[in-house]
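Notes to accompany the following structure.
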There are 2 protein chains.
Amino acid sequence: MNKRVTIKQIAIELNVSMMTVSRALNDRSNVDSRTKQRVLETAARLGYKPNYVAKSLALNKTFSIGVVFPEISHSFFPEVIKGIERVASKNEYQLILSYTAENQSREIQALQTLESKRVDGILISMAQDVDNTDHYKVLIDDGIPLTFFDRCATGLGASCVRIDDYQSALLVMKHLMGLGYEKIAHLHGPVELELGRQRLEGYKDAMKSGNLSFREEWLVESGFSEKGGYEAMNNILALRKPDMPEAVMCVNDPVAIGAMEAISLAGLKVPDDIAITGFTDDVRAKLIRVPLTTIEQPTYAIGKKAARKLLRHIASKDEEVEDIVLDTRLIVRESCGARKKSEKLSVL
Amino acid sequence: MNKRVTIKQIAIELNVSMMTVSRALNDRSNVDSRTKQRVLETAARLGYKPNYVAKSLALNKTFSIGVVFPEISHSFFPEVIKGIERVASKNEYQLILSYTAENQSREIQALQTLESKRVDGILISMAQDVDNTDHYKVLIDDGIPLTFFDRCATGLGASCVRIDDYQSALLVMKHLMGLGYEKIAHLHGPVELELGRQRLEGYKDAMKSGNLSFREEWLVESGFSEKGGYEAMNNILALRKPDMPEAVMCVNDPVAIGAMEAISLAGLKVPDDIAITGFTDDVRAKLIRVPLTTIEQPTYAIGKKAARKLLRHIASKDEEVEDIVLDTRLIVRESCGARKKSEKLSVL
DNA sequence: TTGTATGCGTTATCAT
DNA sequence: ATGATAACGCATACAA
């Protein structure tokens with residue numbers, strides 16, 4: 001390994017000052033075009049590679065943004081990250097990824113590290129068990145642009161890109177109620193998260209507005225995983241006949257899939273015995289034996305919008321704080337006894 | 001935003017030198033335990049956050065590793081990255097992600113940027129259309145530890161973590177031949193990639209060793225996507241009756257899924273009219289209407305092993321270059337007319 | 001145990 | 001158009 005080529009060496013080689021080399025390399029206007037040429041040639045010949053670490057220190061800017069997310073599920077977050085990456089790379093930003101595994105202490109750790117690495121901004125989707133927001137406040141106080149996506153903390157003065165969880169939940173509930181279901185249960189997400197609360201509120205309000213009688217036993221926390229859905233559903237299935245719901249609205253698709261598994265193992269059928277709905281439109285939703293009625297989210301767009309918003313915050317401290325809400329769509333499949341029988345791709 | 005706290009300010013505050021502060025902060029032995037205490041307290045009180053950019057410049061080490069990958073498919077790469085992340089974060093390394101979209105020029109760009117950011121090492125899975133390896137050589141010449149995963153370049157003196165594509169292909173072919181199939185086609189990946197070549201060789205050698213007659217028309221390049229598989233399969237389906245294969249070995253699951261779609265649209269049935277095999281065990285493989293016989297790869301383990309190997313290369317320039325080959329397993333489902341009817345999860 | 005001088009590679013600022 | 005100097009924040013090497 002040869003010792004790394006620096007600006008200094010190019011300067012010596014050409015008998016000019018480091019500043020001239022720096023200017024030429026950065027394509028500044030105040031350099032003689034011939035000297036610029038010579039610098040560029042020499043740099044190429046010597047195999048010069050700019051040192052962004054030094055540059056970052058001098059400029060107090062790293063061209064990195066941190067992305068903090070709780071889960072690498074089968075489809076949602078990778079797709080969001082793809083959107084983020086698209087926007088970031090177009091603007092010559094790099095992504096530093098931090099996975100929190102739904103764990104608050106890992107999230108705190110990740111944010112500290114990102115701050116120390118002096119990222120120019122951070123995109124974050126909250127971990128499931130976050131129970132206070134001090135670690136976000138620290139960043140905001142330190143002037144680090146912070147933008148939430150999907151799972152947002154409110155009241156901190158940070159922008160947020162998300163869907164309308166409340167309205168989407170209403171959408172699901174109206175669909176179920178429209179099909180005549182009255183006894184509807186809800187496997188809900190952690191109420192620590194706004195997202196969990198909103199979907200829960202949508203459920204409750206829909207029940208109320210439909211004048212449907214409601215029981216506490218129909219509300220079970222499931223988390224966001226298949227396992228959580230499976231276990232929560234077993235609680236529901238343990239109810240005795242008149243208490244048994246006819247339909248279950250699940251907080252997301254993995255939970256719905258876990259719930260369907262529990263139902264199946266109990267010897268019951270979806271949708272004949274119990275109808276099920278999801279949320280997210282996981283890749284698997286249309287493929288499982290009884291395709292899942294669910295809410296489709298503009299995943300890729302969430303990533304792109306969040307990244308764009310963050311970049312604007314980075315570019316200007318005066319960028320307006322915004323709560324960006326993207327549209328969702330109800331996808332009716334067969335898990336509620338809908339009539340629709342096939343999707344576009346016949347094999348799937 | 002308050003101005004950032006530095007070591008210098010702590011030093012002034014306590015009337016000691018910067019070095020004393022630095023030593024205390026880094027938990028060196030040669031500091032009086034009381035002064036260390038005072039430093040730590042003051043640092044906490046002032047809200048000191050170490051500046052890793054400056055630290056990196058001084059130490060010539062960034063504690064970052066670059067991860068370059070071609071695709072964010074539904075399951076494979078996210079899962080590998082999860083494994084990488086696990087090992088990296090345990091060792092206090094951060095991940096800088098670069099997505100190449102199967103594109104060589106983006107790959108070259110990504111590697112240059114990572115080198116300029118002075119990552120301590122790079123993990124890479126080659127883009128599909130890479131036709132020369134000069135950009136890897138540059139990195140290696142510059143002494144940047146480089147470890148390939150899944151899609152490796154050979155003969156460069158870089159370590160590689162992968163599966164045995166040749167043997168796995170043989171496994172698939174033996175299965176097909178064992179079921180009595182003789183006219184077997186292969187939708188193959190790009191031959192620029194070792195992975196594509198190996199699976200192709202496995203196919204050819206199996207045909208040869210089984211004394212099966214072989215036709216050029218049974219070899220169609222499909223790339224790695226559903227769309228590629230769909231189009232390639234249509235080429236096969238255009239063949240006239242005696243030339244039509246009875247089975248098709250696909251280079252991966254997305255291609256197999258695309259191929260099944262083409263078959264279905266042609267009014268034919270899998271496996272009755274044509275048997276299909278995949279490779280990778282995509283999340284969808286067990287869920288589609290005719291579950292797919294495929295090769296299961298130890299995805300998460302690939303990520304972990306690759307990360308560990310890279311970390312060792314970073315720790316010691318003398319770390320042995322290794323070709324690490326992980327085991328695979330044939331998963332028999334129904335796409336070849338196997339007898340097995342169900343999987344563990346009944347609902348799926 | 002603590003301090004001083006110097007360097008890491010780059011750019012801003014102020015000269016010339 | 002070009003150059004000299006200082007600064008970014010931290011750590012190494014050596015001295016006291």
Side-chain angles (χ1 to χ4, degrees), chain A residues 1-40 42-43 46-64 113 115-120 142-143, chain B residues 1-40 42-43 46-64 113 115-120 142-143:
Chain A
M1 166 167 68
N2 306 321
K3 193 124 182 44
R4 288 222 124 95
V5 182
T6 68
I7 281 186
K8 188 171 185 179
Q9 294 170 45
I10 299 177
I12 294 174
E13 184 88 6
L14 291 177
N15 215 345
V16 296
S17 76
M18 287 168 57
M19 271 317 297
T20 300
V21 176
S22 174
R23 284 190 267 251
L25 254 19
N26 288 286
D27 204 30
R28 298 295 173 80
S29 57
N30 50 350
V31 209
D32 183 276
S33 66
R34 275 191 337 212
T35 51
K36 183 195 286 184
Q37 265 312 313
R38 294 200 302 147
V39 168
L40 261 28
T42 312
L46 264 38
Y48 170 77
K49 320 267 168 64
N51 184 329
Y52 286 7
V53 176
K55 195 165 186 158
S56 293
L57 183 60
L59 293 179
N60 193 29
K61 175 154 183 62
T62 58
F63 280 96
S64 306
T113 303
E115 178 168 14
S116 275
K117 289 227 167 179
R118 296 297 189 264
V119 293
D120 296 335
D142 286 349
Chain B
M1 165 169 66
N2 307 321
K3 192 119 185 46
R4 288 219 122 95
V5 181
T6 68
I7 282 185
K8 188 171 183 179
Q9 294 171 44
I10 300 177
I12 293 173
E13 183 89 7
L14 291 176
N15 215 347
V16 296
S17 75
M18 285 170 58
M19 272 317 298
T20 300
V21 175
S22 173
R23 284 189 267 252
L25 255 19
N26 287 288
D27 203 30
R28 297 297 171 81
S29 57
N30 50 352
V31 209
D32 183 277
S33 66
R34 274 190 339 209
T35 51
K36 183 194 286 188
Q37 266 311 314
R38 292 200 304 146
V39 168
L40 261 28
T42 312
L46 264 37
Y48 170 77
K49 320 267 168 64
N51 183 330
Y52 286 7
V53 176
K55 195 163 186 160
S56 292
L57 184 61
L59 292 179
N60 194 28
K61 175 156 182 61
T62 57
F63 280 96
S64 305
T113 302
E115 177 167 13
S116 276
K117 289 227 166 179
R118 296 296 190 264
V119 293
D120 295 335
D142 286 350

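Side chains included, hydrogens not; waters and symmetry mates left out as well; all remaining heavy atoms used. None of the values given here were measured: they were computed from a predicted structure. Lettering of chains follows the sequences in order, A, B, ..., and the numbering in each one begins at 1.
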Whole-Å distance separating the CG atom of A:Asn26 from the C1' atom of C:dT11: 8 Å
Within less than 4.0 Å of OP1 or OP2 of C:dT1, is there a side-chain N or O belonging to B:Thr20? no
Whole-Å distance between C:dA12 P and A:Leu57 CG? 13 Å
Rounded to the nearest angstrom, tell me the gap between atom CE in A:Met18 and atom C1' in D:dC8. 13 Å
Presence of B:Tyr48 side-chain N/O under 4.0 Å of D:dC10 phosphate oxygens OP1/OP2: yes
What do you reckon, is CG of A:Asn60 surrounded by more than 12 foreign heavy atoms closer than 6.0 Å? no
Donor-acceptor pair (no angle test) under 3.5 Å: B:Arg23 side chain, C:dG3 base: yes
Just how far, in rounded Å, is P of D:dG3 from CG of A:Leu14? 10 Å
Derivation and outcome, salt bridge (charged side-chain N to carboxylate O under 4.0 Å, His left out), residues A:Arg38 and A:Glu13: CA-CA 10 Å; A:Arg38 294 200 302 147; A:Glu13 184 88 6; over 6 Å; no
Could you tell me whether A:Val16 contacts a base, only the sugar-phosphate backbone, or nothing, with contacts defined as non-hydrogen atoms closer than 4.0 Å? sugar-phosphate
May I have the distance from B:Lys55 (atom NZ) to D:dT12 (atom P), rounded to whole angstrom? 9 Å
Ignoring backbone atoms, establish whether B:Ser22 has a side-chain N or O less than 4.0 Å from OP1 or OP2 of D:dA11. yes
Please report, rounded to the nearest Å, how far the P atom of D:dC8 is from the CD1 atom of B:Ile7. 14 Å
Any donor-acceptor pair under 3.5 Å linking the side-chain atoms of B:Lys117 with those of A:Ser56? no
Check the side chains of B:Ser17 and B:Thr20 for a donor-acceptor pair under 3.5 angstrom, ignoring hydrogens and angles. yes
Taking only N and O in the side chain of B:Asn51, is any of them less than 4.0 Å away from OP1 or OP2 of D:dC8? no
Does OP1 or OP2 of C:dA12 have a side-chain N or O of A:Arg28 closer than 4.0 Å? yes
Starting at the 5' end of DNA chain C, which residue's closest nucleotide do you reach first, B:Thr35 or B:Ala58? B:Thr35
Atom pair distance, as rounded to whole Å: NZ in B:Lys61 and C1' in D:dG9: 19 Å
Can you establish whether the number of heavy atoms outside A:Lys61 located under 6.0 Å from its atom NZ is more than 12? yes
Can a side chain N or O of B:Asn30 be found less than 4.0 Å away from OP1 or OP2 on C:dT2? no
Round to a whole Å and report the spacing from CE of A:Met19 to P of D:dA7. 16 Å
